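Below is one structure; the comments refer to it alone.
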Protein chains: 2
Amino acid sequence: MKHTGFLLARMGHVAAKQFAGRMEELGLTTRMWGALNVLDAEGALTQQALGKCTGIDPSSMVSTVDDLEAAGLVERRRHPSDRRAHAIHITEQGREALSRGRQLARGAQEDLLAPLSAQERKQLHELLLRLVIATKPKGVTTDQVHKK
Amino acid sequence: MKHTGFLLARMGHVAAKQFAGRMEELGLTTRMWGALNVLDAEGALTQQALGKCTGIDPSSMVSTVDDLEAAGLVERRRHPSDRRAHAIHITEQGREALSRGRQLARGAQEDLLAPLSAQERKQLHELLLRLVIATKPKGVTTDQVHKK
DNA sequence: TATTGTTATACTCTATAACTATA
DNA sequence: TATAGTTATAGAGTATAACAATA
C-alpha cells in the first residue's frame, strides 16, 4: 500500500474493468466505445485517422470497425477523394448507443467514486487531469474526411 | 477528457507500464516484484499462500517462482510439515534486488508525480487509498510457513 | 515509391483442466 | 476425498509483416 503509483495502477485496472463490464451490456468493447466517441466528436474519419486518435493499431482497427459495422453503429462509405480509404460514418443507431453508453458511464463513475465527497471527486479529477496532460505531449491531427 | 474513471484508467496504465519498464532493468517482472515484496514482509510462504497474497493464479505462480529461483532471488525449500508443498524463501540476493528495486520505484514515482506539489501528491495518495480500500473488502489470511 | 485497408501470423498474458504426489 | 504443485492447453488481446489496390 506504500506507493501512489501502485494505487494508481490498481485503481486504474479496477476502473477499466468495471467500465468494460458496463459497456458489455450494450455489446460494446472499450475500443468500440472509444472509436464511436471520436467519430461523434470529429465527424467521419478514415480508419487510419481513427487509429491515431484512439491509439488503436491499424490492423486492430479493421476488426473494431467490423464489429461496429456489424452492430449497425457505423458505416464504411466511400472516401470522397481517396479510393484506397474508407470514410467511417457514425449512424443514428450509433448515436443512440453513445447516449445509452454515456448513461451507463455516469452510473459506473458514480459507483466508482462513491467513497468520495463531491469536492474530493473534483480534487481527484483535477490532479489526474494534470498528470495525464503532462504525460501526453504528442499533438494528434485529426485528418477529417469533411472539413469542419 | 470528461470522465474521472477514464483519467484513472489512463494514468493507471501509464503508471503500470512505466513501473514495469524500470523493473525490467533489474530483470524483474511486476509479478516477480510483487511476490518478492510479500515474501520479504511475511516470511516464507507456500506457493498457494503467495498466490492468494499477490492475486497470482497457482499455475502462473509456478513460472513466477521458476523465474525468481533462476535469478537466485528465492529458494524452494522443503515445507516442514507438508511434503506436497514448497516453502519459498527469499535469499540475500533477493533482498538486495528488493533494495535496488525500491530505489528504482522511488525514482519512477518521482517522475510520474513530477507535475504535482508535495501537498498535492499527498492529497492524491489519500484519495486513491480510500478508493482502493473501498474496492477491496476481502481479508486475505497469510498461511505462513513459520509463525511470526 | 508510399500509403490504405486487409489478412495471416506470432507473441504475450493469463486462466482452465487434468495429472502426481501427498494429505 | 481434497489439496499443492505441475503441465499442457486454450483463450484474449495485441502487434508485426506481407499483400493488393491505389496514390
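Naming convention: chains lettered A, B, ... in sequence-line order (proteins, then strands); numbering from 1 in each chain. Treat the numbers as computed from the prediction; the structure is a model and nothing was measured.
Between the NE2 atom of His86(A) and the P atom of dT22(D) there is a distance of 11 Å, given to the nearest Å. As a whole-Å value, the separation of Arg78(A) CZ from dT4(C) P is 20 Å. Protein atom NE2 of His79(B) is 8 Å distant from nucleotide atom P of dG5(D), rounded to whole Å. Distance Lys17(B) NZ to dC13(C) P: 13 Å, rounded to the nearest Å. Asp57(A) places its CG atom 17 Å from the P atom of dA8(C), with the value rounded to the nearest Å. Taking atom CD of Gln47(B) as the reference point, atom P of dT3(D) lies 17 Å away to the nearest angstrom. In this structure, Ile88(A) atom CD1 and dT6(C) atom P are separated by 8 Å, rounded to whole Å. We find that CE of Met61(A) is positioned 17 Å from C1' of dT7(C), with the value rounded to whole Å.
In terms of position along DNA chain D, the nucleotide closest to Ala85(B) lies nearer the 5' end than the nucleotide closest to the other residue of the pair Ala85(B) and Ser60(B). With the nearest nucleotide of DNA chain C identified for both Val65(A) and Arg84(A), Arg84(A) has the one nearer the 5' end. A residue-by-residue look at Asp82(B) and Gly55(A) shows that Asp82(B) has its nearest nucleotide of DNA chain D further toward the 5' end.
Distances shorter than 4.0 Å separate some side-chain N or O of Arg31(A) from OP1 or OP2 on dT14(D). An OP1 or OP2 oxygen of dT3(C) is reached within less than 4.0 angstrom by no side-chain nitrogen or oxygen of Gln48(A).
For Ser59(A) against dT16(D), a side-chain N or O and a base N or O form a donor-acceptor pair under 3.5 Å. Within 3.5 Å, no donor on the side chain of Arg83(B) pairs with an acceptor on the base of dT22(C), nor the reverse.
Listed here is the closest heavy atom pair of Trp33(A) and Leu98(A): CH2-O, 3.5 Å. Residues Thr30(A) and Ala20(A) approach most closely at OG1-CB, 3.8 Å, considering heavy atoms. Residue Gln93(B) comes nearest to Ala71(B) through the heavy atom pair OE1-O, 3.6 Å, listed as atom of the first residue, atom of the second, then distance. Heavy atoms only, all atoms of each residue included: Gln47(B) and Arg76(B) are closest at OE1-NE, 3.0 Å.
Transitive grouping of hydrophobic side chains (ILVMFWY, heavy atoms separated by less than 4.5 Å) brings Val132(B) and Leu8(A) into a common cluster.
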